Amino acid sequence: MAQLNLILIWLFFLSLCLYSCPTSAQLSRHHYAKTCPNVENIVREAVKKKFHQTFVTVPATIRLFFHDCFVQGCDASVLVASTKNNKAEKDHPDNVSLAGDGFDTVIKAKEAVDAVPLCRNKVSCADILALATRDVIELAGGPFYEVELGRFDGLRSKDSDVNGRLPHPEFNLNQLNSLFAANGLTQTEMIALSGAHTVGFSHCNKFTNRVYNFKSKSRVDPTLNEKYATQLKSMCPRNVDPRIAIDMDPSTPRSFDNVYFKNLQQGKGLFSSDQVLFTDSRSKATVNAFASSSKIFHANFAAAMTKLGRVGIKNAQNGNIRTDCSVI
């Protein structure tokens, strides 16, 4: 208990970096103060409307932001549509499962922003995606945090750039740490960001090897909770329709809370890459700390999202502001 308390204190002070760490020189919370002063309210209202249409808006938008930032930086390159001469990021096998509601959220927010004459073609798609992501997190009960603005949209989107840039469901801790470190993120930040799976969903084929084809006598991953494994089999029988998807948090799937970490403690991580955060001794203490305090998790998640939003940002020299988010 004493050790857990020390970890909680350390994580709390770590999360304070959100308010005290220097921002990227280019980014500012007041970037659009003169060109589009009401941009945050405009985006928020558009996101609210989409959220009330379908909850899928939440996980779809968060995942879209993550997949954007980890490939060529937070530059809205994942939004670009393929053309006859260019296969874009969104059509890479790792991105084809990105839900359409995430793209639609950005499209609707962009339309709302550009409907205001003062703002038309002044706000980047990359910034709209960053704002929309913050807003869906808050709408689902997660933390509100200030979003740094001033990103430009990228001038490149190629499916080949996605290779090896995104985590896979079977990754171990070393692979996760390596991938996140390549983007300047620590193990603690990786674990905090993984907590977004509390509102996530997954298609059955991403994890069924854990309940049908695992290399064990029972063919079931021994780190899986037995009852949970049985539930997964019933929801995802063999040869299930590939379009079927299930919640990653079986307890509170529509609440952005710390139950994801409590599930890991009970062997209810859907992916191997989820459960390993608890089974590996190097990350277990952080999982326990986030499981014990929603406040600590939310603070660390907000700080990690702010840091993620600074990855690979573009400027006026290597980017622009798209009039259509899907077209460079």
Side-chain angles (χ1 to χ4, degrees), residues 53-67 70 78 89-105 136 140 159 162-173 175-176 179 190 193-257 259-279 287:
Q53 290 171 359
T54 172
F55 185 83
V56 176
T57 302
V58 178
T61 307
I62 297 171
R63 190 163 178 243
L64 194 62
F65 180 68
F66 180 84
H67 280 230
F70 261 45
V78 76
E89 288 177 25
K90 68 183 291 188
D91 289 318
H92 185 277
D94 287 353
N95 281 334
V96 291
S97 62
L98 289 170
D101 286 301
F103 293 93
D104 192 50
T105 299
V136 296
D159 71 324
V162 181
N163 294 335
R165 299 285 181 88
L166 295 170
H168 285 201
E170 71 281 357
F171 270 15
N172 59 35
L173 189 66
Q175 291 170 307
L176 289 169
L179 195 64
M190 177 273 289
L193 291 170
S194 297
H197 283 175
T198 192
V199 290
F201 62 89
S202 170
H203 292 92
C204 293
N205 65 351
K206 296 295 183 183
F207 61 85
T208 45
N209 65 304
R210 296 187 71 203
V211 292
Y212 292 120
N213 300 307
F214 199 79
K215 292 178 181 177
S216 68
K217 199 172 183 179
S218 67
R219 310 297 286 172
V220 175
D221 186 340
T223 64
L224 263 178
N225 177 293
E226 284 186 30
K227 286 185 178 179
Y228 185 48
T230 301
Q231 289 173 356
L232 292 179
K233 284 181 179 180
S234 68
M235 290 185 284
C236 294
R238 290 180 187 274
N239 304 316
V240 69
D241 185 330
R243 293 170 297 180
I244 297 295
I246 70 164
D247 296 319
M248 297 188 74
D249 175 354
S251 305
T252 57
R254 295 196 169 198
S255 178
F256 198 99
D257 52 29
V259 172
Y260 165 81
F261 298 103
K262 295 179 181 180
N263 290 337
L264 298 187
Q265 291 174 322
Q266 299 168 36
K268 295 181 180 179
L270 188 63
F271 295 160
S272 299
S273 57
D274 292 313
Q275 196 57 50
V276 74
L277 302 180
F278 183 72
T279 56
V287 169

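Small disclaimer: the values here were computed from a predicted structure and weren't measured.
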Legend entry - Rounded distance (nearest 0.5 Å) linking atom CZ of Phe66 with atom OG1 of Thr61: 15.5 Å
Inset, instruction - On the 0 to 90° scale, with breaks at 30° and 60°, tag the Phe271-Phe207 ring pair as parallel, tilted or perpendicular. - result: tilted
Inset, instruction - Mark yes or no for whether Gln275, through its side chain, and Ser272, through its backbone, hold a donor-acceptor pair below 3.5 Å. - result: no
Inset, instruction - Can you see which heavy atom on Ala60 is nearest to which on Ala99, and at what distance? - result: CB-CB, 3.7 Å
Inset, instruction - Tell me yes or no: between the side chains of Asp94 and His168, is some donor less than 3.5 Å from an acceptor? - result: yes
Legend entry - Any donor-acceptor N/O pair, Arg254 side chain to Ala140 backbone, under 3.5 Å: no
Inset, instruction - Grab the two heavy atoms, one from Asp247 and one from Leu270, that are nearest each other, plus how far apart they are. - result: O-CD2, 4.4 Å
Inset, instruction - Using the six-membered ring of Phe278, assess whether NZ or CZ of Lys268 lies under 6.0 Å from its centre and within 45 degrees of the ring axis. - result: no
Inset, instruction - With the side chain counted from C-beta on, respond yes when Pro253 and Phe201 share a heavy-atom pair under 4.5 Å apart, and no when they do not. - result: no
Inset, instruction - Working to the nearest 0.5 Å, report the span between CD of Gln53 and OG1 of Thr105. - result: 9.0 Å
Legend entry - Heavy-atom check, side chain of Ser194 versus side chain of Leu277, under 4.5 Å: yes
Inset, instruction - State which residue, out of Asp274, Leu179, Val276, Leu166, fulfils the side chain to side chain contact (heavy atoms under 4.5 Å, CB included) condition with Phe171. - result: Leu179
Legend entry - Set of residues satisfying salt bridge (Lys or Arg N to Asp or Glu O under 4.0 Å) with respect to Asp159, sequence neighbours excluded: Lys87
Inset, instruction - May I have the step-by-step check of side-chain contact (heavy atoms from CB on, under 4.5 Å) for Phe256 and Ile62, ending in yes or no? - result: CA-CA 12 Å; Phe256 198 99; Ile62 297 171; 4.2 Å; yes
Legend entry - Residue pair Val199, Met248: steps toward the side-chain contact (heavy atoms from CB on, under 4.5 Å) verdict: CA-CA 7 Å; Val199 290; Met248 297 188 74; over 6 Å; no
Inset, instruction - Just grab all the side chain to side chain donor-acceptor pair (under 3.5 Å) pairs involving residues 226-242, residues at least two apart or on different chains. - result: Asp241-Arg243
Legend entry - Side-chain (Ser273) to main-chain (Pro169) donor-acceptor, under 3.5 angstrom: yes
Inset, instruction - Would you mind reporting whether Met190 and Pro167 have side-chain heavy atoms less than 4.5 Å apart? - result: no
Legend entry - Candidate pair Asn263 and Ser251, rule side-chain contact (heavy atoms from CB on, under 4.5 Å), full reasoning: CA-CA 8 Å; Asn263 290 337; Ser251 305; 3.4 Å; yes
Inset, instruction - Please name the pair of heavy atoms, one in Tyr260 and one in Gly195, separated by the smallest distance, quoted to 0.1 Å. - result: CD2-CA, 3.7 Å
Legend entry - Minimum side-chain heavy-atom gap Ile246-Leu232 below 4.5 Å: yes
Legend entry - Counterpart residues, salt bridge (Lys or Arg N to Asp or Glu O under 4.0 Å), relative to Asp104 (two or more places apart): Lys50, Lys108
Inset, instruction - Any disulfide (SG to SG under 2.5 Å) involving residues 197-251? Give me the pairs, sequence neighbours left out, ordered by first then second residue. - result: Cys204-Cys236
Inset, instruction - Mind listing the closest non-hydrogen atom pair of Lys90 and Val78 along with its distance? - result: CB-O, 3.4 Å
Inset, instruction - Check whether any side-chain N or O of Thr57 sits under 3.5 Å from a backbone N or O of Thr54 as a donor-acceptor pair, and report yes or no. - result: yes
Inset, instruction - Check whether any side-chain heavy atom of Leu98 lies under 4.5 Å from a side-chain heavy atom of His67, and answer yes or no. - result: yes
Legend entry - Listed partners of Asn209 passing side chain to side chain donor-acceptor pair (under 3.5 Å), at least two apart: none
Legend entry - Partners passing side chain to side chain donor-acceptor pair (under 3.5 Å) against Thr198 (at least two apart in sequence or in another chain): Asp249, Asp257
Legend entry - Within-4.5 Å side-chain heavy-atom neighbours: Leu224 and Val211: yes
Legend entry - Minimum side-chain heavy-atom gap Tyr212-Val220 below 4.5 Å: no
Legend entry - side-chain contact (heavy atoms from CB on, under 4.5 Å) between Arg63 and Ser97, worked out: CA-CA 10 Å; Arg63 190 163 178 243; Ser97 62; 3.0 Å; yes
